[in-house]
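The structure under discussion appears below in the form of structure tokens.
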Amino acid sequence: MLRHSSASPLLSLPGAVPAEAPDEGVAAHYGDLFREQRALADGSGFVDLSHRGVVTVSGPERLSWLHLLLTQHVSELPPGQATEALVLSAHGHVEHAVYLVDDGETTWMHTEPGKQEALIAYLEGMKFFYRVEVADRTGDLAVVHLPAGSITEAPEGTVVREAPHGRDLFLPRAALESFAAAHGPAIGVLALEALRVEAHRPRLGLETDHRTIPHEVGWIGSAVHLQKGCYRGQETVARVHNLGKPPRRLVFLHLDGSEVHLPPHGTPIRLAADGEEGRQLGFVTTSARHHELGPIALALVKRNVPVDAPLVAGGTAAAQEVVVEP
């Protein structure tokens, strides 16, 4: 559900087709999905992510305070260095995923659409006597994604979060249309999602459910720092890392290209040998049509599913690649 006043003005661009949940409010594509994917893979264009929640934390103690709450080591985060982090429940289950950067005075982060209110409520409840200020900036700031290799320069004064797969700009919402006119082509979220699936990057609410722990989806290292403690859920993270294995694991699937429809989120995964009546071993988390690989997906399966076992996603044959080791 969108939490700001209106859908993106870029939905008025020629060919724009509105995206479905969880990406309502921005374009799924602008008329040519594969062309948009190729452009993004080549470092061209930009993706309108103005539906994502934007939260800032300011104050002299912001990084030491966030260090106590997040799974990532951020107490000494240098200005301009991008990172990502999670907020866990007391039992170690993933509640929030944030993508952040600090500019030396303020920590800027974006999160899943509509999740900023719950995130802010948690942060506000943990302020105590720390000198920090938390603000919801979703109404006045829009996230715009530039792919890796893009030569587009961010407008002067724009906060930039630069990661290996591209740059996220925290752009004034009022400047979104002028930015699009100067730096197109605009590219829909389906193209970005296809490249995300190809890169095996998990997304909150798609690769996760209410009982997901970070180990299952490959967030150890990228979003969870194992040499720090003092955050909610840390005991579960340490115990699973040191003494056991997660109950489920993320896999990448090559889907049968002869099928017309992609298996949607939640489609049961079973052993191909058992057919559609076999025991469910997991579910599809995200599926996509890739401009080179064809139909692909990420899925969460039980840890003990053999890594070389042919699978079926609903009625679609699927060959798996290991993302998280069993």
Side-chain angles (χ1 to χ4, degrees), residues 19 21-23 26 28 33 36-38 40-43 45-49 51-53 70-72 81-88 94-101 109-113 115 143-150 161-169 187-209 212-225 246 248-255 262 264-265 282-301 318 320-325:
D23 291 318
V26 296
L33 177 60
E36 293 172 35
Q37 277 189 40
R38 287 191 291 269
L40 204 59
D42 290 340
F46 72 93
V47 184
D48 174 15
L49 298 179
H51 61 317
R52 291 185 65 80
L70 303 178
T71 56
Q72 189 58 270
Q81 180 174 309
T83 192
E84 57 187 276
L86 310 175
V87 173
L88 305 182
V94 180
E95 292 188 345
H96 297 279
V98 296
Y99 303 85
L100 57 94
V101 67
M109 61 185 81
H110 63 83
T111 190
E112 289 297 321
K115 291 288 287 183
V143 179
V144 168
H145 178 77
L146 298 174
S150 171
R161 178 186 177 275
E162 185 163 3
H165 58 277
R167 288 175 287 157
D168 298 330
L169 311 186
I187 293 172
V189 291
L190 286 183
L192 186 63
E193 283 291 277
L195 300 188
R196 179 182 69 80
V197 172
E198 177 193 16
H200 309 162
R201 294 196 306 272
R203 182 176 172 187
L204 184 79
L206 293 176
E207 280 62 57
T208 71
D209 57 20
T212 299
I213 60 176
H215 315 66
E216 295 179 318
V217 295
W219 262 326
I220 299 299
S222 64
V224 178
H225 194 288
R248 302 177 297 181
R249 60 185 180 88
L250 191 68
V251 297
F252 176 79
L253 300 178
H254 291 275
L255 302 173
L262 290 171
H265 174 83
F283 63 94
V284 171
T285 58
T286 308
S287 58
R289 295 193 186 278
H290 191 275
H291 68 287
E292 291 181 341
L293 301 176
I296 56 176
L298 293 173
L300 204 58
V301 301
Q320 61 170 311
E321 290 183 9
V322 173
V323 176
V324 174
E325 294 289 340

Review point. Val26 and Leu49: side-chain contact (heavy atoms from CB on, under 4.5 Å), yes or no, with the steps?
Key: CA-CA 7 Å; Val26 296; Leu49 298 179; 5.8 Å; no
Point to revise | Worked verdict on Arg248 versus Val217 for side-chain contact (heavy atoms from CB on, under 4.5 Å) | key: CA-CA 8 Å; Arg248 302 177 297 181; Val217 295; over 6 Å; no
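- Nearest heavy atoms, Leu86 versus Ala97: CD2-CB, 3.8 Å.
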Practice item. Please step through salt bridge (charged side-chain N to carboxylate O under 4.0 Å, His left out) for the pair Arg38 and Glu292, ending with a clear verdict. Key: CA-CA 9 Å; Arg38 287 191 291 269; Glu292 291 181 341; over 6 Å; no
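- The pair Glu207-Arg201 does not meet the salt-bridge criterion, since no charged nitrogen lies less than 4.0 angstrom from a carboxylate oxygen.
- Pro147 and Gly45 get closest at one heavy-atom pair: CD-O, 3.3 Å.
- Taking the side-chain hydrogen bond (donor to acceptor under 3.5 Å, both in side chains) definition, one finds that His200 meets it with nothing, sequence neighbours left out.
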Exercise for review: Go through the steps to decide whether Val87 and Val98 satisfy the test side-chain contact (heavy atoms from CB on, under 4.5 Å), and finish with yes or no.
Suggested key: CA-CA 8 Å; Val87 173; Val98 296; 5.6 Å; no
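- With contacts defined as side-chain heavy-atom distances shorter than 4.5 Å, the pair Ile296/Leu253 does not qualify.
- Closest approach of Arg289 and Leu262 over heavy atoms only: CG-CD1, 3.7 Å.
- A distance of 11.5 Å separates CG of Leu169 from CZ of Arg161, quoted to the nearest 0.5 Å.
- When all heavy atoms of Glu198 and His290 are compared, the pair lying nearest together is OE1-NE2, 2.9 Å.
- In this structure a side-chain-to-backbone donor-acceptor pair under 3.5 Å is present from Glu36 to Gly188.
- Shown here are the side-chain contact (heavy atoms from CB on, under 4.5 Å) partners of Thr83, two or more places apart in sequence or in another chain: Gln72, Val74, Leu77, Leu100.
- Taking OG1 from Thr71 and CD from Glu84, the interatomic distance works out to 8.5 Å, rounded to the nearest 0.5 Å.
- Considering NE2 of His165 and CG of Leu40, their distance stands at 10.0 Å, rounded to 0.5 Å.
- For Thr208, the side-chain contact (heavy atoms from CB on, under 4.5 Å) partners are Leu204, Thr212, Trp219, not counting sequence neighbours.
- Here the side chains of Val189 and Val47 are in contact, with some heavy-atom distance below 4.5 Å.
- Across all their heavy atoms, Leu255 and Ala318 have their closest contact at CD2-CB, 3.8 Å.
- If you take OG1 on Thr286 and CD on Glu193, they are separated by 6.0 Å, rounding to the nearest 0.5 Å.
- The residues Glu216 and Arg249 are annotated as not salt-bridged, no charged nitrogen and carboxylate oxygen being separated by less than 4.0 angstrom.
- Summarising the geometry, atom NE2 belonging to His110 is positioned 15.5 Å from atom NZ belonging to Lys115; distances are rounded to the nearest 0.5 Å.
- In terms of modelled atom types and a separation under 3.5 Å, the side chain of His265 and the main chain of Thr285 share a donor-acceptor contact.
- Expressed to the nearest 0.5 Å, how far CG of Asp48 lies from CD1 of Ile187 amounts to 11.5 Å.
- Looking at Ser287, its side chain never comes within 3.5 Å of a backbone N or O of Ala297 through a donor-acceptor pair.
- Nearest heavy-atom pair across Phe283 and Leu206 is CE1-O, 4.4 Å.
- Remark: side-chain polar atoms of Arg167 are paired, donor with acceptor, to backbone N or O of Ser150 under 3.5 angstrom.
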Check your understanding: Where do Arg196 and Leu298 land on the side-chain contact (heavy atoms from CB on, under 4.5 Å) test, with the steps shown first?
Key -> CA-CA 10 Å; Arg196 179 182 69 80; Leu298 293 173; 4.2 Å; yes
